[in-house]
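Following: one structure in structure tokens, then a few remarks.
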Amino acid sequence: IRLINWHYLNNETITIDGHTLLTGANASGKSTIMDAMQFVLTAGETQFNLAANDKGKRDLRGYVKCKLGIDDKEYLRNGDVTGHVALEFYDEKADTYFTVGTVIDAFGELAPVKTIFYRTYEPINDSMFVSDGKILSTVEFRKSNPLFEYYLTKKEAKRGFRNAFGSVNEDFF
């Protein structure tokens, strides 16, 4: 799992091998990780923070800009911010990797958050997300990774992800 500008996580890679149990104190980031994975796997059809039973008070802009809930400072990251969530999978039978993910631009305070979903047949690497020390926005990401499959709508992403996972039933979403 690769998380860039996702709540308090600036640039983290989480390796999962086999069965994994997320444990920790309240507010330690368990729901943050689950929300990132669920956002990608459902192509954005998710209500955030349900695992913490917070009635979904979090939103996509709040995750990317890191909403603080402090009166004098609304977000940890100000200005235009891009976030990335990428999930890498390994198919043991075919001995191949594939990655599904999303790029999220939270530009300004009034413009809607822009997302693109994608799939590629390669493992996660830094050059996918960062160039010359700068995190790639949705436009820059597409220019830097022209061979990826891009989905501009949730419907397209769901269809592409279903194929990547072996024609998962539509009820999954």
Tell me yes or no: between the side chains of Arg77 and Asn10, is some donor less than 3.5 Å from an acceptor?
yes
Side chains of Tyr97 and Asp91: is there a donor and an acceptor less than 3.5 Å apart?
no
Just by modelled atom types, is the Leu136 backbone N or O under 3.5 Å from a matching donor or acceptor in the His84 side chain?
yes
Does a side-chain N-to-carboxylate-O contact under 4.0 Å join Glu140 and Lys134?
yes
Parallel, tilted or perpendicular: which fits the ring planes of Phe165 and Phe98, with parallel below 30° and perpendicular above 60°?
perpendicular
Is there side-chain contact between Leu3 and Ile14, with heavy atoms separated by less than 4.5 Å?
yes
Give the C-alpha distance, both sets of side-chain angles, the deciding distance and a yes or no for ring pair (Phe, Tyr, Trp, His ring centres under 6.0 Å) between Tyr63 and Phe48.
CA-CA 9 Å; Tyr63 264 124; Phe48 292 125; 4.9 Å; yes
Leu60 CG to Asp105 CG distance, which is reported to the nearest 0.5 Å
10.5 Å
For the backbone of Val85 and the side chain of Trp6, can you confirm whether one donor and one acceptor N or O come within less than 3.5 Å of each other?
no
Looking at the rings of Tyr121 and Phe89, which for Trp means the six-membered one, are their centres under 6.0 Å apart?
no
Is there a donor-acceptor contact under 3.5 Å from the side chain of Arg2 to the main chain of Leu87?
no
Tyr151-Phe161 aromatic ring centre distance below 6.0 Å
yes
Would a 4.5 Å heavy-atom cut-off, applied to side chains only, mark Arg142 and Ile116 as touching?
yes
May I ask you to decide whether Glu45 forms a salt bridge with Lys154, counting only side-chain N to carboxylate O separations under 4.0 Å?
yes
Has the side chain of Gln38 got a donor or acceptor atom that lies under 3.5 Å from a matching backbone atom of Met34?
no
Counting N and O atoms only, with roles assigned by atom type, does the side chain of Thr46 sit under 3.5 Å from a partner on the main chain of Phe39, one being a donor and the other an acceptor?
no
Note, Glu88 side chain near Val100 side chain (heavy atom, < 4.5 Å)
no
Establish, yes or no, whether a centroid distance under 6.0 Å links the rings of Phe148 and Phe141.
yes
Val113 side chain reached by Ile104 side chain, heavy atoms, under 4.5 Å
yes
Could you tell me whether the side chain of Lys65 and the main chain of Glu74 form a donor-acceptor pair under 3.5 Å?
no
Please tell me if the side chains of Thr115 and Val103 come closer than 4.5 Å, counting only heavy atoms from C-beta onward.
no
For Tyr75, the hydrophobic cluster (side chain heavy atoms closer than 4.5 Å, chained through members) also holds none
Between Asp35 and Lys30 (salt bridge meaning N to carboxylate O under 4.0 Å), is one present in this structure?
no
